[in-house]
Every structure is written in structure tokens, then in C-alpha cells.
Amino acid sequence: MAKARARAPRPKPPRARTRRLLGFGGLGIAAAAYVGVDYLRHLSPAWHDTLQPALWAALALAAAARAPFYRHWSAELRAALPFLGSIAFMLAAFLCEAISVRFVSAVMGLQWHRTAAPLPDTGQWLLLSLNEKLPQSMVDLLRAHIITLHHYLMLFIMLGFSVLFDCIKAPGLGIATRYMFTMAIGRLLRTITFVATILPSARPWCAEARYRIPQHPHPWAQKYYVPYASDSNAIRRVITHDMAYASVPAYPDEYRLDWGGMSFLVDILRPTPGEGPSWYHLLKKASGGCNDLMYSGHMLVAVLTAMAWTEAYGGWISVAIWLLVLHSAQREVRERHHYSVDCVVAIYVGILLWRMTGFIWSARDATRARRLAKLEEVQSRLVHAAKDSDIDEIRGLLKEVELAGQEKQGFSQRAILSFAAGTIIFTLSCVLIAFTMTSDG
């Protein structure tokens, strides 16, 4: 009887059972429903217009209803300052990137954009050859705009909100901090990469359609690049002497504006009279740029989202998101927004960066580690108490172990409630802004 009782399965804790059920359904189904409903805009706009508001309303109501019962607001409050710091860091990285995007698009002038041939890309060749061999239904699937940039952003926001339902480890602001910090690092590395060597776009008409940049190259390019761009003897001579020697032909003067303290950007952004007097207005029109910007920023977002889901949640939905990442990569190449190398580099850079920033937030349960450390500390005392049949001592030691794993409060109830309300409002506002500003992919 005792042996049979020893073999009886131990009941799983309610939270583990809930998380397992949510892993099979719940959050995964909500994420799949979001992507599927949004894709209805291509299949059935009428159904899309009906189902999308209903889905968003259901998700928002579920989050609002769960928020008052969330048990980790004190942990969220402690994570608030790093979260705000990561936002500031990411915005600074985006500003640096926007300035650099405008620079590499304008420095060579429109004439260069018209004449520079796209680089040979074997990935593009492979996709074109597959179009001739695969069934048309498969080709149509590969061409379909199933998921775009704003989908990946929303999938991450859904993952962050799932902390309210104990789907991922608290604090939710912790994983958001890691996501934005990693994004900022990735954007800065990307900026350094595409500024270092200016590559021609896979879409040669892009710059003329998007920008009003000068026709002629920048004075730096006039002196250090143009005379040595095509003549092999000139290239050999400048290598030998390691000094620019050619005379600069006559070019139009650069247009200069008085931007006050930001006037140093005139040489970088190269404004023209028809673009207005504001330097910030130029940056808003920078968009994705009109050169090949190695590596792909869209793919970086996709990979970081997939990594966050894989580490924090896992399950079949994480596998599905990685398949969508690969689908996005081939579509970036197929539609010639990027060369194949940009997508390949973005994938492994995103993976490595996410691994590198694990010190900010990790799916590992820190409270469990503290409990185990405390249990190891009191182990000998617990053994002695068990030998002496001292039930009160055993209870006291187990209580110490339990308290070691609990979060420290340190904040008043009013502060926690105010922070909770502000966080929900702020995050929902960010969701609406991100959805609006990235809905075009």
C-alpha cells in the first residue's frame, strides 16, 4: 500500500497546468487569430472590417479585466526606470539611423542612383528559378503578404501583455526593456554597417521617386570617389600614392540653410529648396532609404520577436513565428527591398544580440533559484529537525525558504495602483500608435 502510494503521480500546481493549457491554446490561438484576421483584408475585406475590431476589443477587454488581479505590479514598478531608459536609448538610435539613411541616399546624387546597377544576388536568382519549377499555388503562397512589420510589433506587444495571465515570467516591462534595448543596439550596428560602404539599391528607380536630392554628388564624393570610380589606372594610382590627386570638375554649389544649432546637418542631409526649411521634415521622409541598407531592419524586428516568443513562451506558436520569419525573408528578397545577404545577416545578428542581452530579462525563474539557494543553506538544519521529529522547526525552515522566493514590495498600495493604471493606459496608447504608424509595413 505504501509502495503504491509512493508511485502515485504528484498533482501539478495550478499555475503550471494553466500555463500548459495556454501554451496549447490561449495566447498562441490569439496570436494566430490576429495574423489570420488581418490577412482577411486581402481575401475578404468585409469580414476583415467586422472581425478585426471585434478581436482587438476582446483582447483589450481581457487585458483590462485581468489587470486588477495581477500579482506582480511591484516588480513592474521596479522595472519602470530601465524601461523608460530603453525607450530613450531606442529613440536616439532611430534618430541616428534616420540621419544616416538620408545621408547615404543623398551623398551620391540622383544621377548615380539612375546609373548604378544592382548587385548580383544569387538568392534572387534562386527564387526566380523556383517560380518556374514549383506549383503555382506554392508560388502564390510565397508571394502572399501574410505578415509584415506591424504584425511582428503587435505579436511582441501581445507577448508582453500575456504576463497578466501568467503566460510568461514577470515583469512584463522587463522583457519589453530587453526587446527595445536589443533593438537599439541592432539599429546602431546596422547604421554603422550601411554607412561604412554605400551599396546600390536593388530598386534603381527608388531615389528619384522618393527624394528631391541634388542631381550631382556631394563635394566629398566629387573629390574622393568620382575621379576613381571607373578608371582602373586611376584606382591603381590612388592606391599607390594613397592620396587624392585628380582635379574636381565644376559642379553646382551646395544649397545651404540656416538651421541654427543643427546647421552641421546641412552637409549630411543635403537639403534642396523644394523640401522646406525643417531638418526634421527631411528625416520624416527618409523612410527605409533608397540604397541597400545592410542589414535588413524589418528582418531584425522579425527575428527579435521570434526570439522573444521562443525564450519566453515556446510551443507550436514559436515554431510558426519562425516559419513566418523565413517567409518574410524570402519576400524581402523576392520584392527586392533587400539583397539576400541583408536578410541572412539580420537573422544571425538578431539571434546573437538577443542571446547577448539575457542579463536584462530572462525566462529563468529567479524566485525558484532563490528558494533553492535558501533550501541548500538550511538543508542540514532541516535534516536535524526531521531526525528530532521537530515539526515546528521544520515548518519554520520551510517558511524561510518560501519567503526567500517572494518579491519585496517596498511600495505603497496607492503607488502600485496608480502605476498599474498609468502603465495600462500608456501601453495601449503605444499599441495604437505603433499600429497606426507601421500599418503599411
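None of these values were measured; they are calculated from a predicted model. Because only heavy atoms are used, hydrogens play no part in the values below, and waters and symmetry mates are left out as well, while side chains stay in.
Atom CZ of residue Arg203 and atom NE2 of residue His337 lie 4.5 Å apart, to the nearest 0.5 angstrom. Between the CG atom of Asp267 and the CZ atom of Phe103 there is a distance of 9.5 Å, given to the nearest 0.5 Å. Separating the CZ atom in Arg355 from the CE atom in Met307 is a distance of 4.0 Å, to the nearest 0.5 Å. With rounding to the nearest 0.5 angstrom, the CZ atom of Arg212 is 11.5 Å from the CG atom of Leu110.
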Chi angles and distances behind the ring pair (Phe, Tyr, Trp, His ring centres under 6.0 Å) call for Tyr34, His151: CA-CA 8 Å; Tyr34 164 69; His151 292 103; 5.6 Å; yes
Residues Trp361, Glu311; criterion side-chain contact (heavy atoms from CB on, under 4.5 Å); working and verdict: CA-CA 10 Å; Trp361 180 94; Glu311 179 174 338; 4.3 Å; yes
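Residues Tyr179 and Thr305 bring a donor and an acceptor atom of their side chains to less than 3.5 Å of each other. Under 3.5 Å, the side chains of Thr191 and Ser100 contain no donor-acceptor pair of N or O atoms.
The closest donor-acceptor contact from the side chain of Arg102 to the backbone of Arg270 lies under 3.5 Å. Between the side chain of His218 and the main chain of Glu254, no donor-acceptor pair closer than 3.5 Å is present. Not one N or O on the side chain of Tyr339 forms a donor-acceptor pair closer than 3.5 Å with the backbone of Met294. Formation of a donor-acceptor pair under 3.5 Å by the Arg331 side chain with backbone atoms of Ile147 is found in this model.
For the pair Leu353 and Val349, the minimum side-chain heavy-atom distance is below 4.5 Å. By the 4.5 Å heavy-atom criterion applied to side chains, Tyr152 and Leu324 are counted as neighbours.
In summary, Asp121 and Arg336 do not engage in a salt bridge, as defined by a charged side-chain N under 4.0 Å from a carboxylate O.
Residues Tyr224 and Trp220 keep their aromatic ring centres 6.0 Å or farther apart.
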